[in-house]
2 protein chains.
Amino acid sequence: MVAYYRKKDRFFIAVDCIIFGFEEGELKLLLIKRNFDPAKGKWSLMGGFLSENETLDLAAKRILDNLTGLSKIYMEQLFGFSQPDRDPGERVISVAYYALIRINEFDNKLIEQHGAEWISVKEIPELIFDHNQMVQNAINKLQWNTRYKPIGFELLPEKFTIPELQALYEAIQQKSYDRRNFSKKILSMGFINRLEEKQKGFSKKGAYFYKFDKQKYDELSEKGFDFKL
Amino acid sequence: MVAYYRKKDRFFIAVDCIIFGFEEGELKLLLIKRNFDPAKGKWSLMGGFLSENETLDLAAKRILDNLTGLSKIYMEQLFGFSQPDRDPGERVISVAYYALIRINEFDNKLIEQHGAEWISVKEIPELIFDHNQMVQNAINKLQWNTRYKPIGFELLPEKFTIPELQALYEAIQQKSYDRRNFSKKILSMGFINRLEEKQKGFSKKGAYFYKFDKQKYDELSEKGFDFKL
DNA sequence: CCAAAAGTGTTGACCGTACACCCATGA
DNA sequence: TCATGGGTGTACGGTCAACACTTTTGG
């Protein structure tokens, strides 16, 4: 049986992670300034190589865990990039993943060790290889997905206010919504629950905190979801 | 520089193609009965291995061309499958592609040579490895895509009638639409043009032929497209 | 002349959109 | 007390969904 495979080529397989976070009203990416070759000193995505006995998903999880110390992260396979010259060092096929992170929940020391920084999607520098293309691809997918799945919540703390949620959606979709319509729409969907507690400090009146209700969402999610607004 | 890669593992990379066609009101898949090992005699998707100096897209094109003799095919990368034991013979990472074909436009001899057959998506047999999962994945993506992009037209001949188009959409989405609303909706989008010619033979009255107008579509496509009906 | 398939029109319900008013509170 | 941000309500227009009538023509 093995004979069948003998004359085929083998390849390095990399996994590169586009890591999104949300902070101060800005959608941000976690990028690293490489302190290793190749392309030392340049900006890039966090990545690594697939190992034997590891799925792509696990490789992505491992890479994310290394960098952030977080293990329960929303993560999705994006696309396989395969231009023969995409990595000038060697032929490497890269599978991009994108991940959504709650910025404040994790270990800043690890990030510093890796020379990583949160950078606004509005100010993305030139990245190595085809990483800029990967990022653009990820942003498109994120925009698309937030319209049809409630994954946006993965970027917010457990308790959030409606104005915060709106700011997140505006940062992702890069457009602004009417405050009243946004609130009406999101509430009518019925899968966020208002808490007693109000947010203090930011505004005078204070906004109610809400929690995402995954169970209610799952009940409703079969008929689909369109956040066109 | 090469030192960096030295201790990493290398992998076989396969490309498997989920090939859709539309015939006699049925959405069909092109499957092959393997006349080679491993898994000789079982049903599977058409696939092949990635070679040096070849992108994944090109590998998929090559495989499709081998099987169908067609080179201009709508094709899209689907997903990378990487379970370590997915192929019992060797560790193989597979990137699935799905393709849309006009069934009557191509070479039946090639298909027979490969032991391939068109099989309705309603009667998909057990396939090798994780190919059933790939197929399900492709069907989901096809359903999703036909709702937001006019790719359905890739499955019809150049000239088609509205009832044919409706039958296609019903086969893909696995539900039925109201004839009048379907026609109204599709016409209101404005990217199909009616021809003078009418279809003869099938119905007494005869239905007008239409052509897909890619240019008009491109003009409109920026604001998005939702075929929820 | 009738049956079968195709073309076109009408209506009510719902949803997206635009817009206005009131409330709570820290400064 | 007033400026700022937050919560809620209304009214219009367009689109989806349900439904009926007319047209064409092969048998």
Side-chain angles (χ1 to χ4, degrees), chain A residues 24-25 143 146-148 150 156-157 159-171 173-211 220 223-229, chain B residues 24-25 143 146-148 150 156-157 159-171 173-211 220-229:
Chain A
E24 294 158 18
Q143 289 180 338
T146 47
R147 218 180 118 170
Y148 300 105
L156 291 174
K159 294 189 299 188
F160 54 87
T161 66
I162 291 193
E164 281 170 351
L165 184 60
Q166 178 172 353
L168 170 62
Y169 269 72
E170 292 182 338
Q173 303 291 348
Q174 312 214 44
K175 59 178 169 176
S176 53
Y177 301 109
D178 181 272
R179 198 167 51 84
R180 297 150 285 191
N181 293 334
F182 182 90
S183 151
K184 201 194 314 169
K185 181 75 190 280
I186 206 81
L187 288 173
S188 78
M189 301 201 174
F191 47 71
I192 63 174
N193 294 325
R194 190 161 87 176
L195 308 177
E196 294 303 312
E197 195 183 355
K198 279 191 164 191
Q199 186 185 52
K200 292 286 176 191
F202 178 65
S203 82
K204 328 246 164 151
K205 182 172 178 181
Y208 283 107
F209 278 120
Y210 285 79
K211 261 178 107 163
L220 297 168
K223 65 167 181 165
F225 173 109
D226 187 350
F227 202 85
K228 185 167 72 190
L229 205 118
Chain B
E24 293 158 19
Q143 290 180 339
T146 48
R147 217 180 119 172
Y148 300 106
L156 291 175
K159 294 189 299 187
F160 53 87
T161 66
I162 291 193
E164 282 170 351
L165 184 59
Q166 178 171 352
L168 171 63
Y169 269 70
E170 292 182 339
Q173 303 292 347
Q174 311 213 46
K175 58 179 169 176
S176 54
Y177 301 109
D178 181 272
R179 199 168 48 83
R180 298 152 283 191
N181 293 335
F182 182 89
S183 150
K184 201 192 315 167
K185 181 75 189 281
I186 206 81
L187 288 173
S188 78
M189 301 201 176
F191 47 69
I192 63 174
N193 294 326
R194 191 161 87 175
L195 307 178
E196 294 302 315
E197 196 183 353
K198 278 191 166 191
Q199 188 185 50
K200 291 286 175 192
F202 178 65
S203 81
K204 328 248 164 147
K205 183 171 178 182
Y208 283 107
F209 278 120
Y210 286 79
K211 260 179 108 163
L220 297 168
S221 64
E222 290 189 10
K223 63 166 183 167
F225 173 110
D226 188 351
F227 203 85
K228 186 168 74 189
L229 204 117

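First the proteins, then the strands, lettered A, B, ... as listed; each starts at 1. These numbers come from the heavy atoms of this one structure, side chains and all, not from hydrogens, waters or symmetry mates.
- Residue A/N181 contributes atom CG, which lies 14 Å from atom P of D/dG9 at whole-angstrom precision.
- Every residue two or more places apart in sequence or in another chain that forms a ring-ring contact (aromatic ring centres under 6.0 Å, His included) with B/F160 is listed here: B/F153.
- No donor-acceptor contact under 3.5 Å links the side chain of B/R180 to the base of D/dA18.
- At whole-Å resolution of the value, CD1 in A/I192 and C1' in D/dG7 are 13 Å apart.
- Among the atoms of the strands shown, base atoms are found under 4.0 Å from some heavy atom of B/K184.
- In this structure, A/D178 atom CG and D/dG7 atom C1' are separated by 13 Å, rounded to whole Å.
- Between A/F227 and A/Y169, the two ring planes are tilted [angle within 30° to 60°].
- Atom-to-atom, CZ of B/F182 to P of D/dA17 comes out at 13 Å; the value is rounded to the nearest Å.
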Passes side-chain contact (heavy atoms from CB on, under 4.5 Å), A/D226 versus A/Y148? Steps please. CA-CA 5 Å; A/D226 187 350; A/Y148 300 105; 3.7 Å; yes
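- Between the side chain of A/K204 and the base of D/dT4, no donor-acceptor pair under 3.5 Å is found.
- For the pair B/K185 and B/M189, the minimum side-chain heavy-atom distance is below 4.5 Å.
- Residues A/K175 and A/Y177 meet the side-chain proximity criterion, which asks for heavy atoms closer than 4.5 Å.
- Atom CG in B/D226 sits about 19 Å away from atom P in D/dG14, given to the nearest Å.
- For A/S183, the side chain to side chain contact (heavy atoms under 4.5 Å, CB included) test picks out A/I162, A/L187, with sequence neighbours left out.
- Rounded to whole Å, the distance from CD on B/Q199 to C1' on D/dT24 is 14 Å.
- Rounded to an integer number of Å, the gap from NZ of B/K175 to P of D/dC16 is 13 Å.
- Where DNA chain C meets chain A (any atom under 4.0 Å from a heavy atom), the bounding nucleotides read 5' to 3' are C/dG16 to C/dG26.
- Here the P atom of nucleotide D/dT4 and the CZ atom of A/R179 are 14 Å apart, to the nearest Å.
- Along DNA chain C, the nucleotide nearest B/S203 and the nucleotide nearest A/K205 are compared for position; the residue whose nucleotide lies closer to the 5' end is B/S203.
- Taking side-chain N and O atoms only, B/K185 has a distance below 4.0 Å to OP1 or OP2 of D/dC16.
- For the pair B/L195/B/Y210, no side-chain contact is recorded, criterion being any heavy-atom separation below 4.5 Å from C-beta on.
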